[in-house]
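Here the structure comes first, spelled out in structure tokens, and everything after it is commentary.
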Amino acid sequence: MAAVSAMGFSQHLSSCNDLVPEWTSREVSTGTTIMAVEYDGGVVMGADSRTTTGAYIANRVTDKLTPIHDRIFCCRSGSAADTQAIADAVTYQLGFHSIELDEPPLVQTAANLFKDMCYRYREELMAGIIVAGWDKRRGGQVYTVPVGGMLSRQPVSVGGSGSTYIYGYVDSNYRTGMSKEECLRFTAGALSLAMERDGSSGGVVRLAVINEQGVERQVILGNQLPKFSTV
Amino acid sequence: MCLWCLSESTTAFLPFQTTILAVKFNGGVIIGSDSRASMGGSYVSSKTINKLIQVHDRIFCCIAGSLADAQAVTKMAKFQLSFHSIQMESPPLVKAAASVMKELCYSNKEELQAGFITAGWDRKKGPQVYTVSLGGMLLSQPFTIGGSGSTYIYGYVDAKYKPDMSREECLQFATNALALAIGRDNVSGGVVHLVVITEDGVEHVVIPGDKLPKFHDE
């Protein structure tokens, strides 16, 4: 909230001056599309790669899939600074916890650490995070921690500014019991549709598959994205 | 508007509290909407409102935005079109109907807050769909969606639309799209109203809430 009033004030000052572009007074945001799907044996996570400062694309090849532990990743949306800071803090806490426990941490533990931080500092933060991974107790899991600090486990979760455009597609195309390949196609399709409609999402599609064997990462470039017939 | 409401919820003011769409198929158009009218997103003032207005025999409009403005504009358009068709001694073109709405929206853009989808059939160009936006832009498209619920189905309609669908495929497409939007948008709901317009006539299909297609999490 302090950020909103500060932004407005400095925008007024710099907008008087044509030599200073409008985006210098904007906060860096990962206005984005992120998604994670559970399947039997693991999870598939995906994200676009655009980071914007107002209308300027600060990074067109961002990696929004951040490792928190060996088999736990998070997708970040919202303020880039806030989500990086939270992810760093949770990575530290989870690493420490895992050493104390002497075994790999649970995905639910990681999700709860995110939730604690996002809820406690909900007035100062602007972060929407999807936590996903694999652990021995419950297999593949997806937890969503949206703005405000709620925690909820869902079989499929979408987030970020581009997610509104694909709720209908995800609702109609998701089925329980999909294979890893079907999940990958589903995620890539949904992300391309969102990137097509949302100005704050774009670039390449980054995918990660997490299962007992480990983490496989893929990148789908712009010209290789699935195409849909929009006349 | 105070700063805290801006940051708390950017959806504090929802202008187009509905879901509307129109789709061309092989031989006609289908125009459809939900049936909920709500005040401020927390009170449903009507569960069964009809947002599909007939402005001529084979031309329908659906409205999004302030209902009062929309009713005033469509009433004016109906009058102008009937007069126009008498003068021309033939049914009006769908483009003429859309242009009438556009003129009204553009000339009164400061006062009005309503957008329209106009769809119908005429002898010259067959089935057509036009959208008139808030500021008065007129655009012809193979299909169009509008209202607050439409944001949730952009991905779905982009993926599923095919040109030259049959009537049944198009009905299924429109019903699914509206059902998905109603499932995610709290200011869209009630029944699904669909109107199928072809050369032969106009058919009104109503699908009550419990007969709507269900998706995996319901």
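The analysis underlying the following values was restricted to heavy atoms, covering all of them including side chains, and did not include hydrogens, waters or symmetry mates.
- At most 12 heavy atoms of other shown residues, nucleotides or ligands fall within 6.0 angstrom of atom CZ in A:Arg120.
- For the pair A:Leu193 and B:Gly155, the tightest heavy-atom approach, listed with the atom from each and the gap, is CD1-O, 3.3 Å.
- Minimum interatomic distance between A:Tyr169 and B:Ala159 (heavy atoms only, all atoms of both residues): CE1-CB, 3.6 Å.
- By the neighbour-count criterion of 12 heavy atoms within 6.0 Å, atom OH of A:Tyr174 is densely surrounded, having more than that number from other residues, nucleotides or ligands.
- Around the CG atom of A:Asp40, the shell of radius 6.0 Å holds no more than 12 heavy atoms that belong to other residues, nucleotides or ligands.
- Between B:Phe215 and A:Ser172 the shortest heavy-atom distance is CD2-CA, 3.7 Å.
- Here the straight-line distance linking atom CG of A:Asp171 with atom CD1 of B:Ile153 works out to 11.5 Å at 0.5 Å rounding.
- Taken from CG in B:Asp158 to CD in A:Glu196, the straight-line distance is 7.0 Å, to the nearest 0.5 Å.
- To the nearest 0.5 Å, atoms CG (A:Asp198) and OH (B:Tyr154) are separated by 12.0 Å.
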